[in-house]
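Below is one structure, written out as structure tokens; the observations come after it.
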Amino acid sequence: MTESSTPAHLKTTADAYGAVADLYAELTRDAFDDFPLDRAVLAAFAEHVRTAGAGTVAELGCGPGQTTAHLRDLGLDVFGVDLSPAMIDLARRAYPDLRFEVGSMDALELADGALAGVVSWYSVIHTPPAELPRYFAEFARVLAPGGHLVVAFFEAEDGPLTEFDHKVTTAYRWPIDEMAGLARAAGFSEIGRMLREPHEGERFRRGHLLMRRG
């Protein structure tokens, strides 16, 4: 995807994260230390991938790479993709043993069925709602049958789909049933879900979905 053909919302997101890349990397370096439920979701995802026969996993929207590295430590063969070249540069420097690529999660340069797993850890939160079905369709395309997907996002807490003022750029809070419905429409079945109430310093409930491609 050339810069001239990049949709406006993707360029806005890439530029916004690029502008705060160093600060963001510093703030998220130890992202999992105080969140055992988040770690449990990723551990469950990793176990499902391994049980299904392993294979390559992509973390889409990997930022500075801390979640990709966490997945590596869980025994997965994983690489990261992010829109922001600045984030990818940081990830490569922090984790030189891992593979990181600049790319968009809605147009991956991967063959059909190439992956055993996809991780979208707060990476679809900036996607305009009307565009999100295309993202799930792309996740389904690159996953092999029986492959696994985990999605983390800001949850709407019994309210409707809502835009909010994320510190980096505009983002959305989704009802977990609506997010699960988009995944089902793309051919995924739900394995489980986890809702986590906000910790100190957080504003919103967090939603997590673990899915399997049919």
Inset, instruction - Check whether any side-chain N or O of Arg39 sits under 3.5 Å from a backbone N or O of Asp33 as a donor-acceptor pair, and report yes or no. - result: yes
Inset, instruction - In plain terms, say whether Arg72 and Asp97 are close enough for a salt bridge, that is, a side-chain N and a carboxylate O under 4.0 Å apart. - result: yes
Legend entry - Reported OG-to-CE distance for the pair Ser120 and Met179, which is rounded to 0.5 angstrom: 8.0 Å
Legend entry - Spacing of Leu132 atom CG and Ile125 atom CD1 [to the nearest 0.5 Å]: 11.5 Å
Inset, instruction - Output yes when a side-chain donor or acceptor of Asp82 lies under 3.5 Å from a complementary backbone atom of Val102, and no otherwise. - result: no
Inset, instruction - To the nearest 0.5 Å, tell me how far Arg141 CZ sits from Arg213 CZ. - result: 10.5 Å
Inset, instruction - Using a strict cut-off of less than 4.0 Å between a Lys/Arg side-chain nitrogen and an Asp/Glu carboxylate oxygen, indicate whether Asp165 and Arg203 qualify as a salt bridge. - result: yes
Inset, instruction - Measure the spacing between CD of Glu155 and CZ of Phe153 and express it to the nearest 0.5 Å. - result: 6.0 Å
Inset, instruction - Examine the side chains of Ser104 and Asp106 and answer whether a donor and an acceptor come within less than 3.5 Å of each other. - result: yes
Inset, instruction - Say whether, by atom type as modelled, one donor and one acceptor occur between the side chain of Thr51 and the main chain of Val49 under 3.5 angstrom. - result: no
Legend entry - Side-chain ion pair, Asp177 and Arg193, N-O less than 4.0 Å: yes
Legend entry - Transitive ILVMFWY side-chain link Phe35 to Phe204, under 4.5 Å: no
Legend entry - Atom pair CH2/OG1 of Trp121 and Thr67 - distance to nearest 0.5 Å: 7.5 Å
Legend entry - Shortest non-hydrogen separation from Leu98 to Ala69 and the atoms involved: CD1-CA, 3.7 Å
Inset, instruction - For the residue pair His70 and Phe32, categorise the inter-ring angle as parallel (less than 30°), tilted (30 to 60°) or perpendicular (more than 60°). - result: parallel
Inset, instruction - In plain terms, say whether Arg173 and Glu157 are close enough for a salt bridge, that is, a side-chain N and a carboxylate O under 4.0 Å apart. - result: yes
Inset, instruction - Enter the distance from Arg134:CZ to Glu131:CD here, rounded to the nearest 0.5 Å. - result: 4.5 Å
